[in-house]
Amino acid sequence: NCTALVTFKYGKTNEGRASSRACSACLREKHFFPRKCEDENEVAHIFGDAFSEDEMVAWVAGLDDDDPRREQKMYALAKYMLRFINRRNITGKQGVAVGIKPRDGSEELAGSMTITPSSCNADSIVDHIIAAFKYGMPPIYKKSEKGNYSPLASKRLEMMTPLTKARKKHMKGTSRWLYLQSVGVLRSKHGEGYGSKLLRTVTDTADALAVPVYLEAESERNESMYQYFGFRTVEKVTMKVPGDDRPDAKFTMWLMIRDPKG
């Protein structure tokens, strides 16, 4: 197989460990192989680069299109946000973090995704406090950096909280399922099929486990892409900070589910 797929650490906690092992076993059957990764910077960089043009990150940042430092600011915010969101997967506390290597044989990963089985424990307040000490504050909260972003950036980020409740609502009554938390490919590797390979692997894994997959899409373009892989939209959520009168004040996300095949 000319494409090598790599599994980072997987879950260690209670029921989450069993589900993560089952998930990892299916991934290994699809040419994913266990690999310890003590340094999470590589995955954080991949997500930072991949989401530097993401609609959700752009909405939170609220930057002008002609901002001369737009790319640098977007990368810094995307890297922090995606690292924080996926920290428990990347560090092996829950679920799995999966990377895909380039076909040229180089060691640097071309893309990554994180998957969380439904039995994994939700974040606690203690988890957030520990993470805040480890990673520091987001750029949009730092006194030295928050002026680089929209004055409403922090409030826009806080508007993401209801997405967790929506996920619980839509998956209520479903005993076992997978949450496709994040998937990203380096922009320099776009168009080479790595994203499709990652998505096809998670859908094949879900089918092998006979479980549905849940995700959130940030644009109509992404919604169409996920529909191609068998996902259906169950709800559109539009977010807006009260008092925000900017042209980009409203932001919509598509909540999607894929039922197992076969």
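The chain is numbered in sequence order, starting from 1. All values derive from a computational prediction rather than experimental measurement.
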Least distance between heavy atoms, [X] atom then [Y] atom:
X    : Y    : result
R176 : L209 : NH1-O, 3.4 Å
V96  : N89  : O-ND2, 3.5 Å
L198 : M113 : O-CE, 3.3 Å
E158 : Y141 : OE2-OH, 2.9 Å
A78  : G48  : CB-O, 3.7 Å
S118 : S175 : OG-O, 3.6 Å

Verify the cluster assignment for M160 and Y135: are they in a single hydrophobic cluster under the rule of side-chain heavy atoms below 4.5 Å apart?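 Each belongs to a different hydrophobic cluster.
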Indicate if L186 and Y75 have the same hydrophobic cluster label, given that clusters are the connected sets of ILVMFWY residues with side-chain heavy-atom separations under 4.5 angstrom.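 Not linked; separate clusters.
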Hey, can you tell me if W59 and F251 have their rings parallel, tilted or perpendicular (30° and 60° cut-offs)?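 Parallel, since the angle between the ring planes stays under 30°.
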May I ask you to decide if [Y]'s main-chain N or O and [X]'s side chain share a donor-acceptor pair within less than 3.5 Å?
X    : Y    : answer
R87  : F84  : yes
Y80  : I140 : no
K189 : Y194 : no
K240 : D244 : yes
Q181 : I85  : yes
R167 : Y179 : no
R246 : G62  : yes
S150 : A61  : no

Side chain to side chain, [X] and [Y], heavy atoms closer than 4.5 Å:
X    : Y    : result
F51  : K79  : no
R232 : D259 : yes
W254 : E220 : yes
M171 : P212 : yes
F231 : T203 : yes
I46  : L109 : yes
T233 : Y226 : no
I100 : V185 : no

Might you confirm whether atom NZ of K261 has over 12 heavy atoms from other residues, nucleotides or ligands at distances under 6.0 Å?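 Buried by this count: over 12 neighbours within 6.0 Å.
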More than 12 foreign heavy atoms under 6.0 Å from NZ of K250: is that the case here?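 Open: at most 12 neighbouring heavy atoms sit under 6.0 Å from NZ of K250.
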Are [X] and [Y] ion-paired here, with the side-chain N under 4.0 Å from a carboxylate O?
X    : Y    : answer
D49  : R187 : yes
D207 : R258 : yes
E235 : K169 : yes

Just how far is it from atom [atom1] of [X] to atom [atom2] of [Y], taken to the nearest 0.5 Å?
X    : Y    : atom1 : atom2 : result
N148 : R69  : CG    : CZ    : 5.0 Å
M159 : L152 : CE    : CG    : 11.0 Å
E55  : M253 : CD    : CE    : 10.0 Å
S112 : E40  : OG    : CD    : 11.5 Å
E71  : M74  : CD    : CE    : 9.5 Å
Y214 : T116 : OH    : OG1   : 13.0 Å

So S196 and F229, side chain to side chain contact (heavy atoms under 4.5 Å, CB included) or not? Walk me through it. CA-CA 9 Å; S196 295; F229 287 92; 3.9 Å; yes
Please report the C-alpha distance between M56 and E216 in whole Å, then the side-chain angles of each, then the deciding distance to 0.1 Å, and finally whether the side chain to side chain contact (heavy atoms under 4.5 Å, CB included) criterion is met. CA-CA 11 Å; M56 176 191 67; E216 298 108 357; over 6 Å; no
Between F47 and T114, is the side chain to side chain contact (heavy atoms under 4.5 Å, CB included) condition met? List the steps. CA-CA 10 Å; F47 283 143; T114 53; 4.1 Å; yes
Just do the side chain to side chain contact (heavy atoms under 4.5 Å, CB included) check on R70 and D65 with the steps written out, would you? CA-CA 7 Å; R70 178 184 173 86; D65 291 339; 3.9 Å; yes
